[in-house]
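Numbering of residues begins at 1 and proceeds along the displayed sequence.
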Amino acid sequence: MEVILLERVEKLGGIGDVVKVKNGFARNYLLPNKKALRANESNRKVFEANRAKIEADNAERRTDAEKASKSVDGKTVQLIRQASNTGQLYGSVSARDIVEALEGEGSKVTKSQIVLDRPIKAIGVHEVKVALHPEVAVTVKVNVARSPEEADLQAQGVDVLAQMFEEEAVPLAAEDLAEGSAEETAAPAEAAAPSEPTETAEEEQ
């Protein structure tokens, strides 16, 4: 299906561009969200007649988004979640969770503005894109941890999981070393053990 874009759409084009898209994408997303019109003759005329107003409205929304971006760009939010020893969350962090966390920090965004390809399912510091406008996008950091102390370490750049694996590896290495030393000690001891006396020919007589 060919459509006329009413705003910039990433990877497609800008206002007024006529582009070909999949029917499902047009019907389920572009058309109902008023991001495009079907590219027929009547709609072309409607668009051209209203083009100046459409572009002016877009510029106004872009200006508002640029102002709002100052309170969002670069912000870090902290989410405490339960997770396994491998760092996998029991559940996941969704766009709604990020919206609520940002609101708690005084930044108002909507769920549709959070660009999350897939839910966050592991602890760590994740960079998430927030599209405040088709032409204005910022990045926030989502610090997902099992405790506030762990979140503080991650904020300082510490790889908590790597550190945990190292701590677990040290006792194991010590045990292996102790076992190896014990085996080495036992071997010479066995070799040095006195052999049983043998009877001599004289004793037999």
Side-chain angles (χ1 to χ4, degrees), residues 3 5-17 19 21 25-26 28-37 52-84 86-164:
V3 298
L5 297 179
L6 299 177
E7 63 179 43
R8 179 182 175 276
V9 178
E10 193 170 355
K11 297 180 182 178
L12 277 184
I15 294 176
D17 288 348
V19 296
V21 297
F25 184 55
N28 299 328
Y29 180 68
L30 295 177
L31 301 179
N33 287 301
K34 298 183 173 16
K35 294 179 181 293
L37 294 171
K53 183 178 186 306
I54 291 170
E55 291 180 343
D57 289 345
N58 178 70
E60 185 177 343
R61 291 197 305 273
R62 183 176 64 236
T63 299
D64 291 341
E66 286 170 347
K67 291 177 182 176
S69 70
K70 294 175 183 177
S71 68
V72 182
D73 192 20
K75 182 154 284 187
T76 297
V77 293
Q78 180 176 295
L79 293 172
I80 305 303
R81 292 288 187 273
Q82 290 186 328
S84 68
T86 61
Q88 295 301 303
L89 301 182
Y90 298 132
S92 61
V93 171
S94 66
R96 185 182 297 279
D97 295 323
I98 297 170
V99 167
E100 292 174 354
L102 284 169
E103 285 180 349
E105 295 291 327
S107 300
K108 189 167 181 61
V109 299
T110 64
K111 183 181 173 183
S112 63
Q113 291 173 329
I114 303 296
V115 183
L116 202 60
D117 295 331
R118 60 184 64 85
I120 296 171
K121 295 186 176 183
I123 67 170
V125 179
H126 306 267
E127 289 195 348
V128 176
K129 181 179 174 183
V130 182
L132 300 172
H133 178 272
E135 298 168 44
V136 181
V138 296
T139 301
V140 298
K141 290 183 178 180
V142 182
N143 187 346
V144 185
R146 291 169 293 188
S147 67
E149 294 76 18
E150 193 171 78
D152 288 342
L153 288 173
Q154 290 185 158
Q156 295 167 26
V158 176
D159 188 334
V160 172
L161 284 179
Q163 187 181 66
M164 182 177 69

Would you say the side chain of [Y] lies within less than 4.5 Å of the side chain of [X], judging by non-hydrogen atoms?
X      : Y      : result
Lys70  : Val138 : no
Ser94  : Leu116 : no
Val128 : Ile120 : yes
Val136 : Arg62  : yes
Val72  : Ser69  : no
Val3   : Val21  : yes

Tell me if a side-chain donor or acceptor on [X] pairs with a main-chain N or O of [Y] at a distance below 3.5 Å.
X      : Y      : result
Lys75  : Ser107 : no
Arg146 : Ser84  : yes
Arg8   : Pro134 : yes

Ignoring hydrogens, what is the shortest heavy-atom contact between [X] and [Y]? Give both atom names and the distance.
X      : Y      : value
Leu12  : Val19  : O-CG1, 3.7 Å
Asp97  : Ser92  : OD2-O, 3.7 Å
Val99  : Val109 : CG1-O, 3.5 Å
Ile54  : Leu6   : CG2-O, 3.7 Å
Gly14  : Leu5   : O-CB, 3.4 Å
Ala131 : Val115 : CB-CG2, 4.0 Å

Should we say atom NZ of Lys121 is surrounded by more than 12 heavy atoms from elsewhere, each under 6.0 Å from it?
->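 No, because the 6.0 Å sphere around NZ of Lys121 holds 12 heavy atoms or fewer from other groups.
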For residues 29-37, dump all side-chain donor-acceptor pairs below 3.5 Å to protein atoms at least two apart in sequence or in another chain.
unit_1	atom_1	unit_2	atom_2	d
Asn33	ND2	Tyr29	O	2.8
Lys35	NZ	Glu7	OE2	2.7

Which distance, rounded to the nearest 0.5 Å, do you find between the [atom1] of [X] and the [atom2] of [Y]?
X      : Y      : atom1 : atom2 : value
His133 : Asp64  : NE2   : CG    : 9.0 Å
Ser71  : Leu102 : OG    : CG    : 9.0 Å
Lys108 : Leu132 : NZ    : CG    : 13.0 Å
Ile98  : Glu103 : CD1   : CD    : 12.5 Å

Could you please spell out the steps behind the side chain to side chain contact (heavy atoms under 4.5 Å, CB included) verdict for Leu161 and Ile123?
-> CA-CA 9 Å; Leu161 284 179; Ile123 67 170; 3.9 Å; yes
Asp57 bridged to Arg61 by N-O distance under 4.0 Å =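 Judged by the 4.0 Å cut-off on N to carboxylate O distance, Asp57 and Arg61 do not form a salt bridge.
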With sequence neighbours excluded, tell me which residues meet side-chain hydrogen bond (donor to acceptor under 3.5 Å, both in side chains) with Thr63.
->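 Per chain and number, Thr63 pairs via side-chain hydrogen bond (donor to acceptor under 3.5 Å, both in side chains) with no residue.
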With Asn143 as partner, the option from Gln78, Gln154, Glu150 fulfilling side-chain hydrogen bond (donor to acceptor under 3.5 Å, both in side chains) is Gln154
